[in-house]
Amino acid sequence: MSNQLTFDVSTIDQPSSFKDERFDMIHQLYTEAKQDRLAFWNNQANQLVWQKKWTNTLMWDRPHARWFSDGILNAADNCLDAHLTTNAKKTAIIWESETGDVVHITYEELSKLVNQLANCLRADFNIQKGDRVTIYLPQTPEAAVAMLACAKIGAIHSVVFAGFSAPSLAERIKDSSSSLIITALDANRRGKRIPLLNMVHDALKQTPTPHVPVLTVNGGGENDFYSRINAQPTQCQSEPMASEDPLFMLYTSGTTGQPKGILHSTGGYLTHAKYSTKLVFDLTPSDIFWCTADVGWITGHTYVVYGPLLNGGTILMFEGTPDYPNKGRFWECIEKHRVSIFYTAPTAIRAFMKDDPSIPQQFDLSSLRLLGSVGEPINPEAWHWYYRTIGKSRCPIVDTWWQTETGGIMLTSLPGYHPMKPGVAGAPLPGLSIDVLSQDALSLQNTRGFLSVTEPWPSMTRGIWNNTERFKDIYWSTFDTYFAGDSAYKDDDNDICVIGRVDDVLNVAGHRIGTMEIESALVAHDAVAEAAVVGVHDDIKGQSIAAFVILNCNHQESPALLESLKAQVVTSISPIAKPKMVIVTPELPKTRSGKIMRRLLKQLVEKTPLGDITTLAQPDIIPIIQKKVELS
Ligand code: WTA
């Protein structure tokens, strides 16, 4: 898969406001990391509060890393208690609801809520260190409280994005064998109320443990969240956690129908969360940091909750969506809360670009000083729009490449240090080694190859819950080093541009979705005999989903059937996985060994040249599918 690339990327200098202050500091970090990588990471880990310091920095038994392993610490203590002597009255969370209500929560208040919930988990639900707790909550402060309360007592939280439907939730509850579910009666979404508690009840019926307790915000009854926690003391003894004890697991999509429970450790994860937030976003005490990601994704874990709180920052948490009830909602939030650092996804940026350009101009965005992008490649056009229209050519943009598995940001151009190249994520952060490799694991320059992290790093995933073999197979069987599943190229300055996934994982509006998950949902429909799903280019979402289905013989194609197939995906996975098009076809393009050639389906939809089709078992199927695509 290697082809020579020619590219022409204009370089943009860092705005002057950042240059001098940070250049020397970052230069020093790169120098230190180069001289002695482990000593460098010791320094970063030392920024946390440890109950017992470690002596052993790294034990590396590929693919198993143990960082700071004899050290002891607690994540909630680091996020909250560590700030109480100096910053108790500082706002930790500014929360704005979809309806526009605003709540400010200080570090002291947040700490009390967390302690109360932690006490409740222990006393009322007998949750012990190592138990799993599923959190299925909207983007509300209770989500952060729930995560931190688990951390306080050493329970492993598994946050499930509240947009997932009951069967997906059930799968995650089952796989993690959670002892408790924390949810809310409902969630606000674009003026509608989504009945989360009902979904939990539906999900539990599909698990072997239908009687797992459910603690519910606004749920009433005996397991009402606030009634329970209000009865608890506001002090709580934190659980001493070994650095390698898991802090959380988070499910993400892979190439099979089964999502992977990605595990993160305590000490290593927190080290990178604290370090990367401070370094990449230049977070200072007076900043208002807004990361628009939902807590249900890794970005929400690391840059809504852990990273900013570890640094004693103030975060804005927004329950709503960018364009509800009007298309100026995001900019209104920035103006209203004087947001200084804004971190969002290219999909949102592209959607804004399509709208009336005068909308952002109606708002005072002068509080912004740094912008970020995450989740998918940002095309240069969107980059420039973001830079000029939102940042007024004053704010650096950090295009941050990372993954659920990496725990925190891995590649970016650092404000005040690297020139920015629109569309190119940039360089590895100090302390990280990342390269672009050929199939033979040779380092490539100016040639497309596979992205690989070539040295262990503190926040690397410690594995897949209950599935070490799968962990080894996915990430460690291609190269000796970590295989990220992305293709990329490295330019003459060693800056890395990440192009996209090389596996059967889609990236729709920055959300990772496995093709197999959608295919399984489709074939579960009575009418479907076989299904193949591909990601096709979409101007706004990056990719959208095209599904090809073969119907069972007693079913006929009709508009109603196509709608019901889409609905099937929504109810069994999530609205985010809804196919944009469903195409009924009499056959799928397969190799002689029976493997579906998804590449061809993608090319047919995108109308790009088909290339080599000699391996096809039935080449004459191609014009038939082509015709169906044209008609759809
Ligand atoms: C993609 C999100 C290009 C990539 C933090 C990766 C990106 C996947 C970028 C991880 C970026 C993320 N440029 N591609 N700046 N950031 N990706 O696990 O394909 O939800 O493998 O983590 O998103 O998605 P995940």
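Order of appearance sets the numbers: ligands from 1, and atoms from 1 within every ligand.
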| said: Can a donor-acceptor pair be found, under 3.5 Å and without considering hydrogens, that links the side chain of Arg189 to the backbone of Thr321? | reply: no
| Which pairs, with at least one residue in residues 571-580 and sequence neighbours excluded, count as a salt bridge (Lys or Arg N to Asp or Glu O under 4.0 Å)? | Asp538-Lys580
| Any N or O of Gln403 that comes nearer than 3.5 Å to an N or O of ligand 1? | yes
| If you count the atoms of ligand 1 from 1 in the order shown, which ones are under 4.0 Å from a heavy atom of Arg512? | 10 (C), 18 (O), 20 (O), 24 (O), 25 (P)
| query | What is the ring orientation for Phe342 with Trp290, classed by angle as parallel under 30°, tilted 30 to 60°, or perpendicular over 60°? | reply | tilted
| Part of Ile378 within contact of ligand 1 (heavy atoms, under 4.0 Å) | neither
| query | Checking Asp287 side chain against Phe289 main chain: does a donor-acceptor pair fall under 3.5 Å? | reply | no
| field | Heavy-atom gap Ala425 to ligand 1 smaller than 4.0 Å | value | no
| message | Give the atom numbers and elements of ligand 1 that come within less than 4.0 Å of a heavy atom of Asn507. | response | 1 (C), 23 (O)
| field | N or O contact, Arg501 vs ligand 1, cut-off under 3.5 Å | value | yes
| said: Is it the case that the ring center of Phe164 lies less than 6.0 angstrom away from the ring center of Tyr251? | reply: no
| Where ligand 1 meets Val374 - atom numbers and elements under 4.0 angstrom, heavy-atom basis | 5 (C)
| message | As a check for students: among His511, His301, Glu376, Met410, identify the option with a heavy atom nearest to atom 13 (N) of ligand 1. | response | Glu376
| said: Tell me whether Ser373 has any N or O atom under 3.5 angstrom from an N or O of ligand 1. | reply: no
| What atoms of ligand 1 come closer than 4.0 angstrom to any heavy atom of Thr299? | 5 (C)
| message | Test your reading of the structure: does Gly375 have an N or O sitting under 3.5 Å from an N or O of ligand 1? | response | yes
| Quick one: does Glu244's side chain have a donor or acceptor within less than 3.5 Å of a partner on Trp67's backbone? | yes
| request: Measure the shortest side-chain to side-chain distance between Asp355 and Asp323 over non-hydrogen atoms and say whether it is less than 4.5 angstrom. | output: no
| Stepwise ring-ring contact (aromatic ring centres under 6.0 Å, His included) check, Tyr475 with Phe483 | CA-CA 5 Å; Tyr475 306 103; Phe483 175 72; 8.3 Å; no
| query | Looking only at side chains, do Thr277 and Tyr306 share a donor and an acceptor under 3.5 Å apart? | reply | no
| note | Which of Thr478, Asp480, Thr481 passes side chain to side chain donor-acceptor pair (under 3.5 Å) with Ser452? Answer is Thr481
| When you measure from atom 3 (C) of ligand 1 to every protein heavy atom, which one gives the shortest distance, and what is it? | Pro377 N, 3.1 Å
| task | Considering heavy atoms of the protein only, find what lies nearest to atom 19 (O) of ligand 1 and give residue, atom and distance to 0.1 Å. | result | Asp486 OD1, 2.6 Å
| task | Decide whether the shortest distance between a heavy atom of Trp402 and an atom of ligand 1 is less than 4.0 Å. | result | yes
| query | Going by distance only, is there an N or O of Thr400 that falls short of 3.5 Å from an N or O of ligand 1? | reply | yes
